[in-house]
Amino acid sequence: MAIFVSYSSSDGGPTASAVVEALRARGFDVLWDGDLTIIHPLSIPAWMETAVRDRTVLVIVSDDYLKALLSNDFVERRGVRYEAGLVRHKIYHHGGAHGCAVLPVVPPGVDANALPSVLQQLVIHRFDPGSRNGEEELVRSLGALEVGGVMRGEPEGVYQTRMMLAGLEACPPSSAQAYQLARELVEQGEGDLELARAFDSVVGVAKAHGDVWLVSRLSDVCLKTLSSTLPLKGEGALKAKVLVSGQSWHLLREHRLSQAASVAEEGAQIAKKYRDLYTAARGQRAHARVLLHMAMEALPYDREFYLRNCEHLLILATTLFRSISGPTSEEVGVCASLQAERQLLRYEMTRDRSELTAAWKRAQAAEGLLTPGTEPYQWLTVLQARLCLAARKYNEGKEYVGDVISLADYPEVVARSLQVRADLLLATRDRSEAMQDLVSAESKFRALGCEYAAAVCWWTLARLDSTKLVSFRLTPGDVLRLEDLAPDPRDRRLAVLEHEHRAARRLGRRAAPDWACLVDRVQHE
């Protein structure tokens, strides 16, 4: 049986620890805050939501917990206040008169008759952490909630999904076991509302493995499920999470930038409607990230428009994250990293050294907020290598990306690190090593489903020496002509491969390629 222990760490910790130890010794699957140092969830609020929703909750009653349960003004510890709100929500939506999967546990010194009405209506249990008095009665009550391993009224399919989700959340997101469970959940998740509710956990695993197809498939499945079912009260913002963390993410990797921007904006608006400020802030940040990519490819007179909007959205997102999680949160650090990347692009546009200096300062501020070893921190390390390239500190830049490559924690970050290291090697005229890194980066991007990034690497290789890829050499005129005809490197690659295919079937002397015809052909096939 899956159990979540909800308590205030300030004055309920000893009782909670004893309850967890006793129940685990009896074979129960128990989750509590003490597991956070092992699990490292991508989002603690999402982890709380999933645990309270999907498990039987034991409420360890204490003075601080009751303050959080009774008043929204209790702000000394936001975590227990938020968790208590989730428990209230679970009690409110319980169907039937009996069998509510919330059990208050009252330690010695607390008057059970003084509990608020929201807990008085439930079956209250006494438990002494010293003598363990009350353990047997608590175990019997938990057993009464479970029939044959399945909660009363809970369909077998829902139970199976919840068990798989519990297994996934107990594993590090980057583990092979979590990845396999995520794939299985998505394959059988059509119409499964439990999968949509646990979207944050599953998409976190898919992203940790850089699997664009899996994020795309998961997003589609969850959106179809949500459109065909009526969500419960408090679940209206689920669609916003899927749009922001799922659909906009994979659309960006597929280089469908206009759609990605539109989806991120829609997700932020839906989140605001349901007062989910955390998702709204993430939506604004996702929108800003897309605009930054659009600015990288825009004509000079359009870049300023995209960059101004990007900066505006980042300011809004940073302000929201500070109000939610404080000025030193990881989310604020990610925003600072994006601001540094925006200023790096400004430097590349203007060659104004003050922009490069400002980018360095932003990156240093972000480094102080992000946790080493996490994916955002490694992305920041790649950005620092790009800043070194701009500042002509080539050896220092190689050290930055070399560390990321050696860790090999996140496949997409590793592929991007190889691409940046190739740029650094080309700057120091190490052409052969640069080409090796580009080949490796192209292969990794293609395996992840990042076809646009893979084509960028392929085209860089073709510019350096096309004979490594095809049987003929591209002249400087060919390169300029293709870049003029096809802004998308995927089209250039296909045009070159189409010419290679045609030349292999042609008898006699090869004709000069008609790039306009070839590009038109691959764009319309």
Side-chain angles (χ1 to χ4, degrees), residues 210 212 216 247-265 284-314 337-352 355-356 359 379 382-383 385-387 389-390 412-413 415-420 422-423 426 438 441-442 445-446 448-464 474 478-496 515-516 519-520 522-524:
V212 176
S216 175
Q247 201 168 51
S248 71
W249 188 92
H250 79 76
L251 288 171
L252 177 60
R253 268 95 187 144
E254 293 166 3
H255 206 70
R256 295 153 67 183
L257 300 183
S258 296
Q259 290 174 268
S262 176
V263 164
E265 185 176 18
Q284 289 169 338
R285 190 177 65 199
H287 191 185
R289 191 186 299 275
V290 177
L291 290 177
L292 186 59
H293 280 263
M294 295 174 82
M296 292 176 186
E297 299 184 6
L299 295 171
Y301 53 81
D302 286 332
R303 284 183 182 171
E304 192 60 38
F305 168 79
Y306 291 126
L307 288 175
R308 278 200 309 270
N309 285 338
C310 173
E311 182 180 18
H312 174 67
L313 287 168
L314 284 175
S337 178
L338 273 175
Q339 287 282 23
E341 192 165 358
R342 181 187 62 83
Q343 288 175 301
L344 172 59
L345 181 57
R346 279 197 179 279
Y347 166 73
E348 292 171 347
M349 290 167 53
T350 63
R351 294 299 166 183
D352 182 350
E355 294 288 355
L356 184 59
W379 277 117
V382 176
L383 173 60
R386 291 173 56 204
L387 289 168
L389 176 61
E412 187 185 4
V413 188
R416 179 64 174 137
S417 298
L418 288 165
Q419 187 180 14
V420 172
D423 292 336
L426 288 172
L438 285 169
E442 194 256 352
F445 277 131
R446 204 168 298 285
L448 295 173
C450 301
E451 294 294 334
Y452 184 88
V456 170
C457 295
W458 192 95
W459 183 247
T460 306
L461 278 166
R463 286 176 60 105
L464 292 171
L474 287 173
D478 291 331
V479 169
L480 291 174
R481 180 68 171 152
L482 280 166
E483 289 179 345
D484 181 56
L485 289 168
D488 192 326
R490 291 171 293 189
D491 292 338
R492 295 178 217 147
R493 174 178 175 270
L494 291 175
V496 171
W515 292 121
V519 168
D520 183 71
V522 299
Q523 286 179 338
H524 292 90

Would you compute the distance between atom CD of Q259 and atom CD of Q247 and round it to the nearest 0.5 angstrom? 8.5 Å
The ring pair (Phe, Tyr, Trp, His ring centres under 6.0 Å) partners of W515 (sequence neighbours excluded) come to H499
Under the criterion side-chain contact (heavy atoms from CB on, under 4.5 Å), I'd like the reasoning laid out for S248 against H287: C-alpha separation, chi angles, the key distance, then a yes or no. CA-CA 8 Å; S248 71; H287 191 185; over 6 Å; no
Do you know the tightest heavy-atom contact between D491 and Q523? OD2-NE2, 3.2 Å
What closest approach, in Å, do R386 and L344 show between heavy atoms, and which atom pair accounts for it? NH2-CD2, 3.7 Å
Between W459 and L474, the two heavy atoms sitting closest are CZ3-CD1, 4.1 Å
Report the residues that fulfil salt bridge (charged side-chain N to carboxylate O under 4.0 Å, His left out) with E311, sequence neighbours left out, ordered by chain and then residue number. R342
Interatomic distance, OG1@T460 vs CG@L464, rounded to 0.5 Å, equals 7.0 Å
Say whether, by atom type as modelled, one donor and one acceptor occur between the side chain of R493 and the main chain of A455 under 3.5 angstrom. no
dist D423:CG -> L418:CG (nearest 0.5 Å) comes out at 11.5 Å
List in chain and number order the residues that pass salt bridge (charged side-chain N to carboxylate O under 4.0 Å, His left out) with E304, two or more places apart in sequence or in another chain; answer none if no residue qualifies. R346
Determine, stepwise, if the pair V413 / S417 fulfils side-chain contact (heavy atoms from CB on, under 4.5 Å). CA-CA 6 Å; V413 188; S417 298; 4.3 Å; yes
Could you tell me which non-hydrogen atom of A495 sits nearest to which non-hydrogen atom of V519, and how far apart they are? CB-CG2, 4.0 Å
Quick one: closest heavy-atom pair of P489 and V456, and the distance? CG-CG2, 3.8 Å
My understanding is that only residues two or more places apart in sequence, or in another chain, count here; which of them pass side chain to side chain donor-acceptor pair (under 3.5 Å) with R303? none
Do the side chain of R285 and the main chain of L314 share a donor and acceptor less than 3.5 angstrom apart? no
What pairs with D488 under salt bridge (charged side-chain N to carboxylate O under 4.0 Å, His left out), at least two apart in sequence or on another chain? R490
Give, for atom CE of M294 and atom CG of L292, the distance between the pair rounded to the nearest 0.5 Å. 11.5 Å
Just wondering, do R289 and H293 contact through their side chains at under 4.5 Å, heavy atoms? yes
Pair R463-R492, side-chain contact (heavy atoms from CB on, under 4.5 Å): steps then yes or no: CA-CA 11 Å; R463 286 176 60 105; R492 295 178 217 147; over 6 Å; no
Would you please name every residue forming a side chain to side chain donor-acceptor pair (under 3.5 Å) with E451, sequence neighbours left out? R446
Pairwise distance CG(L338) to CG(L313) - rounded to 0.5 angstrom: 11.0 Å
Nearest-0.5 Å distance, CD of residue E412 to CZ of residue R416: 10.0 Å
Could you report the tightest heavy-atom contact between V420 and A385, atom names first, then the distance? CG1-CB, 4.0 Å
For residues R253 and F445, determine if any side-chain heavy atom of one lies less than 4.5 Å from a side-chain heavy atom of the other. no
side-chain contact (heavy atoms from CB on, under 4.5 Å) between L251 and L257, intermediate numbers included: CA-CA 7 Å; L251 288 171; L257 300 183; over 6 Å; no
